[in-house]
Number of protein chains: 2
Amino acid sequence: MSSRTDPRTADMADAGHDQATPARLRSLPSRLLSLTALHADRLVSEGLAGADARKWHYAVLVTLREFGPASQAVLSRRTGIYRSDLVAVINELADRGLVERAPDPADRRRNVITMTSQGRRRLGRLDELLATIQDDLLAPLTQPERDQLTRLLTRLLDHHAQAAPQRTGDQPS
Amino acid sequence: MSSRTDPRTADMADAGHDQATPARLRSLPSRLLSLTALHADRLVSEGLAGADARKWHYAVLVTLREFGPASQAVLSRRTGIYRSDLVAVINELADRGLVERAPDPADRRRNVITMTSQGRRRLGRLDELLATIQDDLLAPLTQPERDQLTRLLTRLLDHHAQAAPQRTGDQPS
DNA sequence: CACTAACGTTCGTGGCGCTAACGAAAGTAC
DNA sequence: GTACTTTCGTTAGCGCCACGAACGTTAGTG
């Protein structure tokens with residue numbers, strides 16, 4: 001251990017703890033949330049990157065499967081991705097042939113986004129990938145504990161969903 | 001809801017609520033974590049901003065109180081703030097007279113960061129502020145539930161603390 | 001017809017986690 | 001003592017993300 005540390009092995013990756021974090025910080029719920037979310041995001045991003053995808057891609061594809069073709073504005077509201085950011089996401093998905101962007105003849109302001117059969121296949125694989133990632137993320141927890149965590153987080157989220165919504169034209173999470 | 005079987009006619013303008021998020025997304029643990037963390041971070045940032053502080057400030061002050069004066073490198077490891085970012089944080093704290101930065105006579109590479117009495121007083125107020133923020137964040141949960149959440153997150157964090165650390169010179173969370 | 005609102009798009013901002021590099025000052029090593 | 005290596009503080013920069021402003025276009029509404 002580092003009690004008798006050998007500092008010469010420069011790659012300090014050695015023993016675990018260089019220094020301790022104050023208890024006050026370690027038990028701060030907001031901090032715990034942020035750090036855990038960071039790890040989660042990293043796991044997801046890295047996992048999906050291996051499949052040439054990003055989490056936004058998955059969100060959009062899932063939404064298309066569950067609700068069918070939709071305009072970008074609708075997709076934005078359903079996924080929580082801002083309209084401005086969604087443009088690039090749709091571009092990427094279209095470039096990969098996973099969705100098609102076509103002008104809506106009934107309302108020429110809109111684009112109708114439709115999932116292709118290739119997109120459906122890809123989504124299937126992403127489903128599995130995502131599942132294993134979640135499993136990896138929640139590895140140390142039993143199934144009841146995972147459910148409990150999900151319930152707790154959902155309640156927090158629902159509770160805080162009320163207030164905020166004074167927006168200008170976009171929709172948050 | 002969109003019981004209207006005619007999705008093309010701008011059905012979203014009608015009802016107050018916008019659109020539903022797919023179940024698959026709503027129950028994704030990684031997503032729940034990210035969104036909850038987003039809300040938490042926002043609460044913390046806004047709350048602290050009202051007191052002319054940022055979360056980094058709090059982290060550093062707490063660490064100084066718990067372990068006493070330390071070099072920036074040590075503070076970096078204990079708080080998880082990168083050395084490069086810590087520079088600005090210490091500047092801000094010093095500008096406000098909450099800490100003092102003095103060269104270490106024993107090792108002239110280091111700066112010794114010391115909390116001032118004013119810093120101690122400020123930290124007291126931030127403690128209270130942070131407490132109310134946590135309370136706000138966890139409002140919908142009972143005390144046992146809050147404890148449970150904290151435990152679950154801590155376990156996730158501890159578990160994922162093993163792997164990652166292939167660092168170059170800095171220390172993450 | 002004028003007014004308003006929604007849509008897709010572009011550009012920009014600020015914060016955050018993280019890396020790279022560099023001079024200065026130790027800590028070894030021979 | 002000279003040479004190599006490591007640590008320290010600092011600066012600059014990247015990439016991602018949540019978010020907002022503005023604009024031209026198109027639809028609805030009075």
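Computed from heavy atoms alone, side chains included, the values below leave out hydrogens, waters and symmetry copies.
Residue A:Asp85 is the one, among B:Pro105 and A:Asp85, whose nearest nucleotide of DNA chain C lies closer to the 5' end (criterion: closest heavy atom). If A:Lys55 and B:Val74 are placed on DNA chain D by their nearest nucleotide, the residue sitting closer to the 5' end is B:Val74.
The base of D:dG20 sits with one of its N or O atoms less than 3.5 Å from a complementary donor or acceptor on the side chain of A:Ser84. Not a single donor-acceptor contact under 3.5 angstrom links the side-chain atoms of B:Asn111 to the base of D:dC8. Residue side chain B:Arg109 does not reach the base of D:dG9 through any donor-acceptor N/O pair under 3.5 Å, judged by distance alone.
For B:Arg108, no side-chain nitrogen or oxygen approaches OP1 or OP2 of D:dT7 to under 4.0 Å. Close to D:dT7, at under 4.0 Å from its OP1 or OP2, lies no side-chain N or O of B:Arg83. Within the structure, a side-chain polar atom (N or O) of A:Trp56 is placed less than 4.0 Å from OP1 or OP2 of D:dC17. Proximity of B:Tyr82 to the phosphate of C:dC18: a side-chain N or O atom is located under 4.0 Å from OP1 or OP2. When the side-chain nitrogen and oxygen atoms of A:Arg42 are compared with OP1 and OP2 of C:dG17, none of them lie within a distance under 4.0 Å. Between D:dT10 and B:Arg101, a contact under 4.0 Å exists linking OP1 or OP2 to a side-chain N or O.
The A:Asp107 side chain lies nearest to D:dA27 when the options are C:dA6, D:dG20, D:dA27.
Across the protein-nucleic acid pair, B:Arg110 atom CZ and D:dT7 atom C1' stand 8 Å apart, rounded to whole Å.
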(message) Would A:Arg24 and B:Asp127 count as a salt bridge (Lys or Arg N to Asp or Glu O under 4.0 Å) here? Give the steps.
(response) CA-CA 9 Å; A:Arg24 193 75 66 118; B:Asp127 272 328; 3.4 Å; yes
(request) Give the C-alpha distance, both sets of side-chain angles, the deciding distance and a yes or no for side-chain contact (heavy atoms from CB on, under 4.5 Å) between B:Leu126 and B:Leu61. (result) CA-CA 10 Å; B:Leu126 292 185; B:Leu61 290 179; 4.2 Å; yes
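Using a 4.0 Å cut-off between charged side-chain N and carboxylate O, A:Asp107 and A:Arg110 make a salt bridge. We find that A:Glu145 and B:Arg155 are joined by a salt bridge, their nearest charged nitrogen and carboxylate oxygen being less than 4.0 Å apart.
Contacts of B:Ser45 with the nucleic acid, taken as non-hydrogen atoms under 4.0 Å apart, are absent.
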